[in-house]
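See below for the structure under consideration.
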Amino acid sequence: MQSRRDILHVLAAGAGLSATLTAVLAQPAELEPTPSCTDKDAPTPAANTGPYFRPGSPERVDVTDGRAEGTPLLVGGGVLGRDCRPIARAIVDLWQADNGGQYDTSGTYLRGHQYTDGGGRWAFATIVPAPYTFRSMHIHFRVQRAGGALLTTQVFFPGDPGHDRDPQFDPRLVLPLSRNAGT
Ligand SMILES: [Fe+2]
């Protein structure tokens, strides 16, 4: 049976990769419990924030600042509640390393946030991050709906040989990844 995580697909135009993540958020404590999703829709695991988060990222879809560096990546998905319903106007904040494994610690390159649409969907145009130190390839996210708890998490890339040496690696957070044909 197809899970709700598989239902959300984002198509990229042009060459590059695309990936999907559906963040399932816990219910605010004041709400009555609702029927849980199927097992594949357990709440998205939290992960370490790390040292490179910076508040105040710009609201945007394309976080590349127009630089033609690295492998283009369209990463997107959805935000769902535990009842599997999409959450509109949830904030999704992304930050990641560049194709040399460096974070922009003074500007906003490869940083951005956006709000989910009426279907809970979000997508960023970015690049594939390089691994650094002991870290495998990953992208950081913070996800929060209005009045809800903050989910800080990371996503990882399939087939990355760095998983074994990365103490923060979580196989539950590996992105489905597909390659798009050039146009
Ligand atoms: Fe990181």
Side-chain angles (χ1 to χ4, degrees), residues 5 8 10 12 16-26 42-80 87 90-116 121-145 148-180:
R5 286 185 182 175
L8 296 167
V10 180
L17 302 171
S18 65
T20 57
L21 164 72
T22 300
V24 179
L25 302 181
T44 301
N48 195 316
T49 304
Y52 299 114
F53 173 72
R54 301 182 71 208
S57 70
E59 183 177 354
R60 58 184 178 175
V61 170
D62 186 344
V63 298
T64 66
D65 290 348
R67 301 189 197 180
E69 301 171 3
T71 302
L73 171 70
L74 188 73
V75 59
V79 178
L80 304 178
I87 298 174
I91 188 168
V92 180
D93 201 338
L94 169 152
W95 71 104
Q96 65 168 86
D98 64 15
N99 64 332
Q102 301 291 317
Y103 285 82
D104 182 356
T105 56
S106 59
T108 59
Y109 179 52
L110 304 180
R111 297 175 183 273
H113 76 270
Q114 57 189 248
Y115 293 89
T116 54
R121 291 178 292 263
W122 58 273
F124 289 98
T126 183
I127 61 169
V128 175
Y132 59 89
T133 59
F134 56 86
R135 297 305 319 279
S136 56
M137 299 158 63
H138 64 280
I139 299 176
H140 296 270
F141 289 96
R142 283 161 58 111
V143 184
Q144 187 174 31
R145 62 173 157 192
L150 174 68
L151 169 68
T152 302
T153 192
Q154 302 177 23
V155 295
F156 299 89
F157 289 74
D160 181 352
H163 292 165
D164 289 345
R165 70 169 189 273
D166 186 346
Q168 298 183 39
F169 173 67
D170 186 333
R172 298 171 297 175
L173 291 170
V174 174
L175 292 168
L177 196 64
S178 60
R179 186 172 298 279
N180 302 299

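Counting convention: from 1, in listed order, for ligands and their atoms alike. What you are looking at is a predicted structure, and each value in this text was computed from that prediction instead of being measured.
Using a 4.0 Å cut-off between charged nitrogen and carboxylate oxygen, Asp93 and Arg54 do not count as a salt-bridge pair. Salt bridge present: Arg172 and Asp170 bring a charged side-chain N and a carboxylate O closer than 4.0 Å.
Ring pair Phe141/Trp122: centre-to-centre distance below 6.0 Å. Two rings, from Tyr132 and His138, have their centers less than 6.0 Å apart.
Protein N/O/S atoms closer to the Fe ion (ligand 1) than 2.8 Å number 4 in this structure.
The shortest distance between side-chain heavy atoms of Phe157 and Pro129 falls below 4.5 Å.
At distances below 3.5 Å, not a single donor-acceptor pair connects side-chain atoms of Thr71 with backbone N or O atoms of Ile127.
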